[in-house]
Participant: 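What follows is a single structure, and I will ask about it in a moment.
Below, read A as the first sequence line, B as the second, and so on, with proteins coming before strands; counting in each chain starts at 1.
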2 protein chains.
Amino acid sequence: MASTYSQADRRSARRARTIEDALDAAEAIMREQGVGGLSMSEVARRLGMRQPSLYKYFSSLHALFDALFARGLARTDAAVTAAIRRRPPGVPRLRAGARALMRWAVENPALAQLLYWRPVPGFEPSAETFAASRDQMATVRTELAAAAGSGQLRAAAATDEALLLYTVVISGVISQQLANEPGASFAAGRFSRLTDEALDMYFARYAPAGGTDADPRP
Amino acid sequence: MASTYSQADRRSARRARTIEDALDAAEAIMREQGVGGLSMSEVARRLGMRQPSLYKYFSSLHALFDALFARGLARTDAAVTAAIRRRPPGVPRLRAGARALMRWAVENPALAQLLYWRPVPGFEPSAETFAASRDQMATVRTELAAAAGSGQLRAAAATDEALLLYTVVISGVISQQLANEPGASFAAGRFSRLTDEALDMYFARYAPAGGTDADPRP
DNA sequence: GTCTATATGTTGATAGAC
DNA sequence: GTCTATCAACATATAGAC
């Protein structure tokens, strides 16, 4: 039975790889032609496959978008997680996470638009995909609470207002950069270069009265 | 000759009205189906007109988008101008203008997406339309300089950084509100309700050291 | 899981009669 | 300026042979 098992294994591995290839192609298409330019036909074309065959992997165009949304979430999660690893809780993690997120968005504009704007009429991420999105928000909330609890920030940082303003600042930088200078790198972009200053502005609002050195910039 | 003149007058007035009707219809379509859902066919359909006839008014789909972009600029300009009228220069105008802009964006999501995001692949506003956009930025720059010159804000407010951060904050609120709660009113939206707090955050960054009462909230 | 064939729909844009 | 007619693409999705 060993050979049967390994054959099935190879089969599913091959299938998984085809799916990844399809998502790669889809990302490229969105990068080149905008999110609205994505189509099953074009993805199939780039895979050297007939369009109906692609339906064996994605049951509809919406399903393809959902897979891309999920991929975007996983990628941002990985980028943020890697960036905050071994950093102390609170402000340092919030700062590093925000920077990582902005860099990722500038370098992956296609997926970023899918995550941060609403470019596809009628498309909403599925329930489970959306749940993952909520988890990310919960992480931010936790770090804000840690910052408030440890005195790095005022108690007001552990509120909904602070959480929402955090997302406002991040999405503001990302939106302006992607809309006005789509091609620029994170280092060169007129808006993405202001990432640290934007975060300074945000954290200053919740800085403790005393003015400690709780928020050292790297 | 009087009757000829007035006939031509009526003709051009009628033409202008048809164009306005077409733009109204286009706005409605974008509101209902997203910016990408706009098509010449659907606009013509709603006007009770055959699709080829619409080409007498707009030479292409891109031309229609450009007219919509220009309309959006004119509308925001009118909203902002009305809001800052009779307000003293500097911070009061910056605050009132930003509020008016955010309110307008929430109430006109279709045009706002066209102005603040980049939802149409391959579409860029024409040179003259884009020039109007630059004019609006120049106005903000002027008010920031006025605020810095009169001591309402620190000298740092008269820099590119301050100008860009101003747009970051505004577009951040707008983007988050439109992407996450598309239907909500300005008063009810979780993000648009934070407009004043977001502006507080911004102006605090450029507040003079002394801490004057130069930034009274309405 | 791949293919061919096909149904069915949409679009942008042009030609030319009236 | 309006219409009919039409072209040429393009799309999503399904049926069914192999």
Participant: How does protein contact run along nucleotides 8-13 of chain C, one letter per nucleotide 5' to 3', with B for base contact, S for sugar-phosphate only, - for none, heavy atoms under 4.0 Å?
Facilitator: ---SBB
Participant: Counting N and O atoms only, with roles assigned by atom type, does the side chain of Q136(B) sit under 3.5 Å from a partner on the main chain of L73(B), one being a donor and the other an acceptor?
Facilitator: yes
Participant: 5'-most contact on DNA chain D: K56(A) or G37(A), nearest heavy atom basis?
Facilitator: G37(A)
Participant: Below 4.0 Å from chain A heavy atoms, what is the first contacting nucleotide of DNA chain D and what is the last?
Facilitator: dA11(D) to dT14(D)
Participant: Looking at residues at least two apart in the chain, or sitting in another chain, which of them share a ring pair (Phe, Tyr, Trp, His ring centres under 6.0 Å) with W104(A)?
Facilitator: none
Participant: Does the pair D24(A) and R71(A) meet the rule for a salt bridge (charged side-chain N to carboxylate O under 4.0 Å, His left out), with working shown?
Facilitator: CA-CA 10 Å; D24(A) 288 345; R71(A) 172 184 261 205; 2.9 Å; yes
Participant: What I'd like to find out is whether the side chain of Y116(A) reaches to under 4.5 Å of the side chain of L101(A), using heavy atoms alone.
Facilitator: yes
Participant: With sequence neighbours left out, write down each residue that passes side chain to side chain contact (heavy atoms under 4.5 Å, CB included) with L164(A), or none if nothing qualifies.
Facilitator: R190(B), F191(B), L194(B)
Participant: Holding to side-chain hydrogen bond (donor to acceptor under 3.5 Å, both in side chains), I want the full list of residues that pass it with R193(B), two or more places apart in sequence or in another chain.
Facilitator: none
Participant: Counting distance only, does the side-chain N/O of S175(B) pair as donor-acceptor with the main-chain N or O of G172(B) below 3.5 Å?
Facilitator: no
Participant: Give the ring-plane orientation class for H62(A) versus F123(A), where under 30° counts as parallel, over 60° as perpendicular and anything between as tilted.
Facilitator: perpendicular
Participant: Does R95(A) form a salt bridge (charged side-chain N to carboxylate O under 4.0 Å, His left out) with D200(A)? I'd like the steps, not just the answer.
Facilitator: CA-CA 9 Å; R95(A) 204 180 264 278; D200(A) 290 345; 3.0 Å; yes
Participant: Go through the steps to decide whether L178(A) and R118(B) satisfy the test side chain to side chain contact (heavy atoms under 4.5 Å, CB included), and finish with yes or no.
Facilitator: CA-CA 8 Å; L178(A) 294 186; R118(B) 192 163 283 236; over 6 Å; no
Participant: What parts of residues 23-35 of chain B reach DNA chain D, counting only heavy atoms under 4.0 Å away?
Facilitator: none
